[in-house]
Number of protein chains: 2
Amino acid sequence: MRARLMDATIECLVEHGFGGTSTTLISERAGVSRGAQLHHFPTKNDLVVAAVAHLTEVRGAELAAAAAAVPPAHRTRDVLRMLGDHFASPVFIAALELWVGARTDPPLLAAVAPLERKVGRETHRMTVELLGADESKPGVRELVQATLDLVRGLGLAATISDDSRRRNRILDQWAHTLDEALEPTPRRSSPPLLRTSVEQPRRSPG
Amino acid sequence: MRARLMDATIECLVEHGFGGTSTTLISERAGVSRGAQLHHFPTKNDLVVAAVAHLTEVRGAELAAAAAAVPPAHRTRDVLRMLGDHFASPVFIAALELWVGARTDPPLLAAVAPLERKVGRETHRMTVELLGADESKPGVRELVQATLDLVRGLGLAATISDDSRRRNRILDQWAHTLDEALEPTPRRSSPPLLRTSVEQPRRSPG
DNA sequence: CCACAAACAGACAGGCTTGACTGTTTGTTT
DNA sequence: AAACAAACAGTCAAGCCTGTCTGTTTGTGG
């Protein structure tokens, strides 16, 4: 029952946005009477805050699952594809609505901010691991952060004009640039831009 | 009068968010009677759409002014600083509120989407020019787009937790990486990561 | 001075949202 | 079985938002 209400809240956020999400709509969507809803979540804020926490867990789980689904002998591009897909998914949209809504809603912000930081840290750690990046080298940490902020920006753009071709081209080039920058031992000297053809795999499992 | 109302709309978007912006609030903020407001903008949608157009012009003007203020003998970092600042400014916040609000509001989306594309194109062109990038080379265009999506992502993050140190570190590193990637003639062979010390200027005016 | 239209002012009704409130069912303990 | 609490159902009042409506001022052409 609580779970149904929180799920319905997230669905309403995706479908109607933060402003268009009313408690009545949520209870209807969840198939729960208004009385029951008010019993479990006395105020709208209680419900939304609970939904934020729930969404945080869902995002963590989806990210972990997506990470596990990345091919064992993967290239940088595979990792970026996974990240790009996550940051264009409904859970990200719901998080975005909450994020933006929380900006002008102090109690909600108090709930969203720490959880968002948590997801951010987890995502960062996961990305470092998948990329096999060495954060002890100066600049590597910042490049990983830049990568995550990039996919966040791409995800934002995707919410209103989903041009996936554009996104893929950008991520293609980013993968190449990232490879060049993260390359532990620069064996080839120069070509800083995408050679339109192949990229050789860099890593094998274990 | 019309201008006062549109300005007040944008201010309300920044202060109270899209959901918290009511026509009554706008008229109060503008110091305009409700009757006058309804005379100039019969519906809320009319007002918001007009504000979107107005905001587009303001953004264009602010960007142009910021671009003009970039030092004549500038480095990549200066351009990124300018972009980073713009995408953390109130006009960007207002645009973000409209952007997210428009996602679930078809008539608003119809007004926002084309204007946003216009600003995007202008910003892209301006950035290419400031960076002196050669878009005829494959991959360059995508790197510029990635840069803009990156600052958009950074701007989004800045709305709820303004960690400017983090942002500056990321942009420092990205400036360096971008320089390496865009460098027309790779004279030095390798160092792909930030040398913590100096970066030499690359361009002089004219 | 008059006629007319645009600009402005404020009251009002209809609809929606939130949370309080009363009543009913279910389950558990004694 | 009785007592009690938790879960559930639905109604209601207060408040806000939007857009319509009527009335007033300002400006302009004849």
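Please read these numbers as outputs of a predicted model, since none were measured by experiment. Within every chain, numbering begins at 1; the chains are lettered A, B, ... in the order of the sequence lines, protein sequences first and strands thereafter.
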Which of residues 3-22 of chain B sit near DNA chain D, with a heavy atom under 4.0 Å from it? B/S22
Should A/H124 and A/E135 be marked as a side chain to side chain donor-acceptor pair (under 3.5 Å) after you check the CA-CA gap, both sets of side-chain angles, and the distance that decides it? CA-CA 11 Å; A/H124 183 92; A/E135 282 198 315; 2.6 Å; yes
Kindly say if B/H39 contacts the phosphate of C/dA7, meaning a side-chain N or O under 4.0 Å from OP1 or OP2. yes
Can you list, by residue number, the residues of residues 23-35 of chain B that have a non-hydrogen atom closer than 4.0 angstrom to DNA chain C? B/S33, B/G35
Below 4.5 Å, heavy atoms only, C-beta onward: do A/R77 and A/D172 meet side chain to side chain? yes
Just to confirm, is there a sub-4.0 Å distance from OP1 or OP2 of D/dA6 to any side-chain nitrogen or oxygen of A/H40? no
Distance in angstrom units between A/K44 NZ and C/dT17 P, rounded: 9 Å
Closest nucleotide of DNA chain C for B/L38 versus for A/L38: which of these residues is on the 5' side? B/L38
Whole-Å distance, B/L47 CG to D/dC17 C1', equals 14 Å
A/D163 and A/R169 ion-paired at < 4.0 Å: no
Round to the nearest Å and state the distance from B/Q37 atom CD to C/dG10 atom C1'. 13 Å
Pairwise side-chain contact, A/T147 with A/W174, heavy-atom cut-off 4.5 Å (strictly under): yes
Value in whole Å for how far the P atom of C/dT26 lies from CE of A/M1: 14 Å
Judged by modelled atom types alone, do B/S136 and B/D134 share a side-chain donor-acceptor pair under 3.5 Å? yes
If you define the side chain from C-beta out and look only at heavy atoms, does anything of A/E122 sit under 4.5 Å from A/R125? yes
